[in-house]
Amino acid sequence: MNDRLVFHIDVNSAFLSWEAAKRVGAGEADLRMIPSCIGGDPTKRTGIVVAKSIPAKKYGITTGEPMSMALRKCPNLVCVPPDFKLYTRCSHAFKAICREYTPAMESFSIDEVFLDMTGMGLIYPDPVATAHEIKDRIREELGFTVNVGIGRNKLCAKMASDFEKPDRVHTLFPEEIPQKMWGLPVNDLFTCGKSSAQRLISAGIKTIGELAQADVVLLRQLLGVKSGNHLHRFANGFDDSPVQEIPDEAKGYSAETTVEEDLVTLEQINRLLLAQADVVAARMRAEEARCQCVAVSYRTIDWKNKSHQRKLTDATDVTEVIYETAKALMQEGWNREPLRLVGLAVTDIDRDGFEQMSFLDNGRREKLKKLDLAIDSIRGKYGNASVQRASTIDTQRQVGRKHKAQLEEPD
């Protein structure tokens, strides 16, 4: 569709910008102009850099690194704790301005939106001027800056918004792709993960342009059929995904915990897995979903990530079944290295309402389902803390929780 037009609007270093705008409004120093970051308690292992200023970046500080390491790089670093209520207010405010320009807006994350501007030419005949208007309104009315990318699809709009920052408007139309996108490193391509990038680079494919011109058969061999086809299309600027006003149903559910002290025994790990199974199973039941695959992931003290998964014979939303599977996976895969993070995820979600019954478990699964529903009912009436499984009672005293979706922010 040649006349399709999409904007991608991305808040520049959102968490730090929102905190800075609040402080500037109160007459305080602008965090964006000094070495500063948003992050957790630097005295705790779970304290990480969530967002950093451009001056902090010059010291080599990176998003996701421990706060203690960031302070070693820059002892004068100004560290501010996260304020999620503030972030929610600022997110709603900038999205409200964006929503004024089109009825089709997709919230991509707390600090990003896609706007489908297709067919809006009579109202906004100059897309670049309209993008500048949106950008300037957000800066003047809310006190923080955004980048706006313009393209014929979501991919190109997203790539364009990641060009030079902050407070910029960039286009990436089909005729501009060779000049503006193909010279970039292959790992800069949207959705090209670290593992895929390493495989491509090892095969001599170092830029997006080289990926675009690579033999698709070779890419399928390197990355698998689905990923090979997908990244080849993206490298050539092809993307037909719609701007979705209503988000897709969850494709999976997960929970992840970073601990204050190393996990060194299966007993410690299993307590966390039970608490996590309790959380993800309850979320599935609330949305009338069941999973057909359970996975565990864990991070060693030297920051190596590992995972292990298993398909289930029958889809389930039973806490005990998920927990027992996760426990078995951990026992099989863990080699007794001390761990700093443990996660549990369920995928291959089934929502068709059909459940395969078994006559071999003597009604055990039905009893477990009734127990789960009873716990859900009590928690729904009196709160999540009103009833806990015995094995998880001291879990909170041992761990520091980090909700990944809330704390991680792209540069």
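A salt bridge links Glu267 and Arg271; the closest N-O separation between the charged side-chain nitrogens and carboxylate oxygens is under 4.0 Å. Ion pair Lys22/Glu28 not flagged as a salt bridge, since none of the NZ, NE, NH1 or NH2 atoms sits closer than 4.0 Å to an Asp/Glu carboxylate oxygen. Between Lys154 and Glu106, at least one side-chain N (NZ, or NE/NH1/NH2) sits under 4.0 Å from a carboxylate O, which counts as a salt bridge.
No donor-acceptor contact under 3.5 angstrom links the side chains of Lys165 and Ser13, judged on distance only. Between the side chains of Tyr124 and Glu133, no donor N or O sits under 3.5 Å from an acceptor N or O. For the 3.5 Å distance criterion, the side chains of Asn12 and Asp167 fail to qualify, holding no donor opposite an acceptor. One side chain, Glu112 or Ser109, offers a donor N or O that lies under 3.5 Å from an acceptor on the other. Checked by atom type, the side-chain pair Arg285/Thr319 shows a donor-acceptor distance below 3.5 Å. If you check the side chains of Arg299 and Asn305, you find a donor sitting under 3.5 Å from an acceptor. In the model, Thr191 has a side-chain atom that pairs as donor or acceptor with a side-chain atom of His230 under 3.5 Å.
Under the salt bridge (Lys or Arg N to Asp or Glu O under 4.0 Å) criterion, Glu337 pairs with Lys306, sequence neighbours left out. By the side-chain hydrogen bond (donor to acceptor under 3.5 Å, both in side chains) test, Ser241 pairs with Asp239, sequence neighbours left out.
Considering CZ of Arg89 and OG of Ser91, their distance stands at 12.0 Å, rounded to 0.5 Å.
Note: Phe108 and His8 have perpendicular aromatic rings, judged against thresholds of 30 and 60 degrees for the angle between ring planes.
Residues Asp10 and Ser161 share a closest heavy-atom pair of CB-OG, 4.4 Å. When all heavy atoms are compared, the tightest approach of Asp83 to Glu19 is CB-OE1, 4.2 Å.
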Between Arg220 and Asn229, does the side chain to side chain donor-acceptor pair (under 3.5 Å) criterion hold? Intermediate values first, please.
CA-CA 7 Å; Arg220 290 170 182 164; Asn229 290 338; 2.8 Å; yes

For salt bridge (Lys or Arg N to Asp or Glu O under 4.0 Å), just list the numbers for Arg340 and Glu261, CA-CA rounded to whole Å, side-chain angles, deciding distance to a tenth of an Å, and then say yes or no.
CA-CA 7 Å; Arg340 56 177 290 129; Glu261 298 179 1; over 6 Å; no

Take Lys52 and Thr62 through the test side chain to side chain donor-acceptor pair (under 3.5 Å) and record every step on the way to the result.
CA-CA 7 Å; Lys52 77 280 185 189; Thr62 60; over 6 Å; no

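Taking the six-membered ring where the residue is Trp, the centroids of Tyr87 and Phe15 are separated by under 6.0 Å.
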